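Scroll down for the structure; my scribbles are underneath it.
Below, chains carry the letters A, B, ... as their sequence lines are ordered, and counting in each starts from 1. Values below: every heavy atom of this structure, side chains too, minus hydrogens, waters and symmetry copies. Computed from a prediction, not measured in an experiment: that's the story for all the values here.
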There are 2 protein chains.
Amino acid sequence: MTFKRTNPLALAVLALLSERPMHPYEMAQTMRERHQEEVIKLNYGSLYTVVEQLHRHELITAGATQKAGNRPERTVYAVTEAGTAELHDWLRELIAVPAKEYRRFEAGISMVGLLPPHDALAVVEQREAAVGEQLTALAVLLEKLAGMGLPQLAWIELDYRMAMLRAERAWLAWFAAATRDGTVGGYEDWEDKHR
Amino acid sequence: MTFKRTNPLALAVLALLSERPMHPYEMAQTMRERHQEEVIKLNYGSLYTVVEQLHRHELITAGATQKAGNRPERTVYAVTEAGTAELHDWLRELIAVPAKEYRRFEAGISMVGLLPPHDALAVVEQREAAVGEQLTALAVLLEKLAGMGLPQLAWIELDYRMAMLRAERAWLAWFAAATRDGTVGGYEDWEDKHR
DNA sequence: TCCCGTATATCCGGCGCAGAATATACTGGT
DNA sequence: ACCAGTATATTCTGCGCCGGATATACGGGA
């Protein structure tokens, strides 16, 4: 069986190991330091499973377990050639091919007609505010990173996220306005149904 | 234990049953007809598990199993009052609170520096094209739905998705341009590393 | 020196989900 | 009348993931 590209955590592992050999716990530390867990869900349980998977498929090799100091034993892994190839190919796929992702907000908004217009407006406005806060937080972070002399390429995903959040906020603002003054298509029926 | 709002399929079930009682297979049919599976992942295995869960939590009740014609037995479910309350509350939460979602593209683009600039540009352009196609497909669909006399509120989630796709395309175009003429911050190091 | 909280490092049990397989009944063509 | 293919309905089983449990070492205060 060929390796299944399900958990992106495996991608992170390959990327980290292509810098230098590490043991799982160290990977987790490094991911935390670099704020990678912003983008890829980190979870110790999953980490060890994923490492084992990669090992089974010989995308990484396990070095001897060492005991440094007197801490628990730890296994140091290194990436293989096949592993690097997998990393690059997976990356290309992730970027080139838009994957179908089921976003929770889409599910919610698709049923917004089930809520009375007044309630709907309230929750949409709440989200608008929340998204606004995320945007200012992101702006602060970007400021800081740029100030530290990090190149744009190092935080390009935040740039992307910022663009998406801006678009979402704009859409929410439009929808809120259209709900407030009843110009959203189908408003009459909506009002009538909830009376 | 209180009901866990994990699988959005449960949301769809509650919404469908708040129209009229149904058996699981019928729910699936209806979801298909209404193109709800565009927004909420439908899968027979999950459907039956989710229905059972809702039943355990008494958010829906099971009617007697009937045999229509001579087809397999089927159990018809109906929503309870607690179920309707759950539906509305869940909906409000989904809309009001932006959930942390780990998008695959963000994971990919965050590591784009691992690919040589030339490859990176190629895959970004591929995605740009793909997103463009999704946009035209969506535009056609919206045209059709509006032509059928359906109110905007009935396909509001597509409107949202369209806005997001436009923003993504714009960002991709920017990034592709910045990569082509080397104006993305950190381009020199990027070039140097891959030689 | 004793104790407690935190850091290091891994393992494990349970559960939800997905992709089947299963079983029967219609429908249309020859 | 027969067969293949599709529609109707549900069940089953494995596997990945997650949260919490486990075990040990280190550091600092009283």
Those residues of residues 8-19 of chain A lying under 4.0 Å from DNA chain C by at least one heavy atom: none
Using whole Å, what does the distance between atom [atom2] of nucleotide [N] and atom [atom1] of [X] come to?
| X | N | atom1 | atom2 | answer |
| --- | --- | --- | --- | --- |
| Lys41(A) | dG19(D) | NZ | C1' | 11 Å |
| Glu52(B) | dC17(C) | CD | P | 12 Å |
| Lys4(B) | dG14(C) | NZ | P | 14 Å |
| Leu47(B) | dT8(D) | CG | P | 15 Å |
| His23(B) | dT10(D) | NE2 | C1' | 12 Å |
| Leu54(B) | dG16(C) | CG | C1' | 13 Å |
| Tyr77(A) | dT10(C) | OH | C1' | 10 Å |
| Tyr44(A) | dC11(C) | OH | P | 15 Å |

Does [N] have OP1 or OP2 under 4.0 Å away from a side-chain N or O of [X]?
| X | N | value |
| --- | --- | --- |
| Tyr48(A) | dT10(C) | yes |
| Asn7(A) | dG16(D) | no |
| Ser46(B) | dA18(C) | yes |
| Gln53(A) | dC17(D) | yes |

Test: Glu128(A) and Arg169(A) ion pair at under 4.0 Å: no
N-O pairing of Arg34(A) and Glu19(A) below 4.0 Å: yes
Net bend of the helix from dT1(C)-dA30(D) to dT30(C)-dA1(D), end axes of five pairs each, nearest 10 degrees: 0°
Ignoring hydrogens and geometry, is there a side-chain-to-backbone donor-acceptor pair from [X] to [Y] under 3.5 Å?
| X | Y | result |
| --- | --- | --- |
| His57(A) | Lys4(A) | no |
| Thr80(A) | Leu59(A) | yes |
| Arg127(A) | Leu94(B) | yes |
| Gln152(A) | Gly185(B) | yes |

Aromatic ring pairing His23(A)/Tyr25(A), orientation class (parallel under 30°, perpendicular over 60°, tilted between): parallel
hydrophobic_cluster_shared for Leu114(B) and Trp90(A), side chain cutoff 4.5 Å: yes
is_close_aromatic(Tyr160(A), Phe105(B)), centroid dist under 6.0 Å: yes
Per Asn43(A) side chain, nearest of listed nucleotides dA20(C), dT10(C), dC18(D): dC18(D)
Of the listed nucleotides dG16(D), dA9(C), dT8(D), the one nearest the side chain of Thr6(A): dG16(D)
